[in-house]
Asker: 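This structure is in structure tokens; I'll ask about it shortly.
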Amino acid sequence: MRIGEAAAQVGVSPRTLRYYEQEGLIEARRTPSGHRVYGPEEVRRIRTVCELLATGLTIGDIRAFGKVLGPDPDCPLRSSATKAVVRRRMDDLDARIERLTALRERLARLVGEPPRVPGRVKPYALPLREKTP
């Protein structure tokens with residue numbers, strides 16, 4: 001299938017597929033006229049890349065997986081090298097969560113609110129910007 005069909009099937013834009021190819025995450029075969037063509041294996045790989053990006057991994061993280069990245073989203077997580085990449089990303093996320101939690105607590109103190117109970121997330125009740133009548 002051509003790039004537009006593959007992109008629609010996976011739920012991304014053709015531009016995204018060209019970017020993934022430029023970054024070395026996917027490969028497309030070319031027709032004699034130069035059009036990109038994707039088969040079922042490539043579409044599965046694109047889905048895997050999208051799933052991994054949705055988990056918070058970066059393009060660089062996924063690129064580090066190299067050729068072990070298969071059609072199964074769990075496939076790249078089996079080797080020790082890819083587990084190390086995932087652990088580093090989780091450590092990064094933990095550090096960000098701690099930083100954001102500290103910032104939130106500082107803001108809460110500024111307005112006289114008690115600190116948030118760990119594990120409980122309060123939904124946003126008001127928009128950040130007040131509406132004017």
Side-chain angles (χ1 to χ4, degrees):
M1 72 183 73
R2 291 210 177 162
I3 191 168
E5 295 170 277
Q9 192 171 1
V10 177
V12 297
S13 68
R15 183 177 179 161
T16 298
L17 295 187
R18 287 189 289 273
Y19 175 69
Y20 290 171
E21 185 177 356
Q22 175 187 340
E23 291 296 320
L25 302 180
I26 63 173
E27 291 180 21
R29 291 177 310 221
R30 299 287 184 143
T31 65
S33 60
H35 294 278
R36 290 172 174 87
V37 179
Y38 300 90
E41 288 300 314
E42 289 87 10
V43 171
R44 278 192 282 277
R45 183 176 172 99
I46 294 164
R47 277 199 176 97
T48 300
V49 167
C50 292
E51 290 280 329
L52 292 172
L53 288 169
T55 67
L57 293 173
T58 66
I59 296 282
D61 294 335
I62 297 169
R63 192 182 310 114
F65 295 165
K67 297 294 180 187
V68 299
L69 182 61
D72 175 7
D74 295 329
C75 174
L77 308 180
R78 292 186 185 142
S79 78
S80 60
T82 55
K83 284 182 182 178
V85 169
V86 171
R87 283 190 188 107
R88 275 196 311 272
R89 184 60 49 210
M90 288 189 312
D91 290 344
D92 177 58
L93 288 170
D94 288 340
R96 287 188 203 180
I97 290 168
E98 287 179 27
R99 191 182 97 249
L100 289 171
T101 300
L103 289 172
R104 192 215 180 278
E105 288 174 3
R106 285 176 65 189
L107 283 172
R109 278 195 306 272
L110 284 174
V111 295
E113 289 186 12
R116 185 177 69 83
V117 176
R120 297 193 61 200
V121 177
K122 180 177 158 184
Y124 292 107
L126 298 172
L128 289 177
R129 200 179 308 191
E130 300 263 341
K131 292 183 179 179
T132 55

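Computed from a predicted model, the values in this text were never measured in an experiment.
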Asker: Quick one: does Arg89's side chain get under 4.5 Å of Thr55's, heavy atoms only?
Answerer: no
Asker: Out of curiosity, does Tyr19 fall in the hydrophobic cluster containing Ile62 (side-chain heavy atoms, cut-off under 4.5 Å, transitive links)?
Answerer: yes
Asker: In a check of salt bridge (charged side-chain N to carboxylate O under 4.0 Å, His left out) between Glu21 and each of Arg15, Arg45, Arg30, which one passes?
Answerer: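 Answer to the salt bridge (charged side-chain N to carboxylate O under 4.0 Å, His left out) test with Glu21 among Arg15, Arg45, Arg30: Arg30.
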Asker: Counting C-beta onward and ignoring hydrogens, is there a side-chain heavy-atom pair between Arg18 and Gln22 closer than 4.5 Å?
Answerer: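 Heavy-atom side-chain distance check fails, nothing below 4.5 Å.
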Asker: So, Glu98 side chain and Ala95 main chain: donor-acceptor pair closer than 3.5 Å or not?
Answerer: no
Asker: Rounded at 0.5 Å granularity, tell me how far OG1 in Thr48 sits from CG in Leu25.
Answerer: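 Answer for the OG1-CG pair, Thr48 versus Leu25, is 11.5 Å.
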Asker: Minimum heavy-atom separation for Ala7 to Ser13, with atom names?
Answerer: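 Closest pair (atom of Ala7, atom of Ser13, distance): CB-C, 3.7 Å.
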Asker: Starting at CG of Leu52, measure out to CG of Leu57 and round the result to the nearest 0.5 Å.
Answerer: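 Separation between the atoms: 5.5 Å.
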Asker: May I ask you to say whether Glu5 pairs ionically with Arg2, meaning some side-chain N is under 4.0 Å from a carboxylate O?
Answerer: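 Not counted as a salt bridge, because no side-chain N and carboxylate O are separated by less than 4.0 Å.
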Asker: For the CG atom of Leu100 and the CG atom of Leu93, what is their distance to the nearest 0.5 Å?
Answerer: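 Answer rounded to 0.5 Å: 10.5 Å.
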Asker: What distance do Leu103 atom CG and Arg106 atom CZ have between them, rounded to the nearest 0.5 Å?
Answerer: 6.5 Å
Asker: For Thr58 and Leu53, work out which heavy atoms get closest and say how close.
Answerer: C-CD2, 4.0 Å
Asker: Any sub-3.5 Å donor-acceptor pair from Arg63's side-chain atoms to Glu23's backbone N or O?
Answerer: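 Checked: pair present.
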Asker: Let me confirm one number: the NZ-CE distance from Lys83 to Met90, rounded to the nearest 0.5 Å.
Answerer: 10.5 Å
Asker: Can you name the closest pair of heavy atoms from Ala108 and Pro114 and give their distance?
Answerer: CB-O, 4.1 Å
Asker: Ignoring hydrogens and geometry, is there a side-chain-to-backbone donor-acceptor pair from Asp91 to Arg88 under 3.5 Å?
Answerer: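 Not a single qualifying donor-acceptor pair exists.
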Asker: Given Leu17 and Arg36, is the side chain to side chain contact (heavy atoms under 4.5 Å, CB included) satisfied, shown in steps?
Answerer: CA-CA 10 Å; Leu17 295 187; Arg36 290 172 174 87; over 6 Å; no
Asker: Might you point out which heavy atoms bring Tyr38 and Ile3 nearest each other, and give the distance in Å?
Answerer: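 In terms of heavy atoms, the two residues are closest at CE1-CA, 3.6 Å.
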Asker: In Å, rounded to the nearest 0.5 Å, how long is the span from CG of Asp61 to CG of Asp92?
Answerer: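 Rounded to the nearest 0.5 Å, the CG-CG separation comes out at 9.0 Å.
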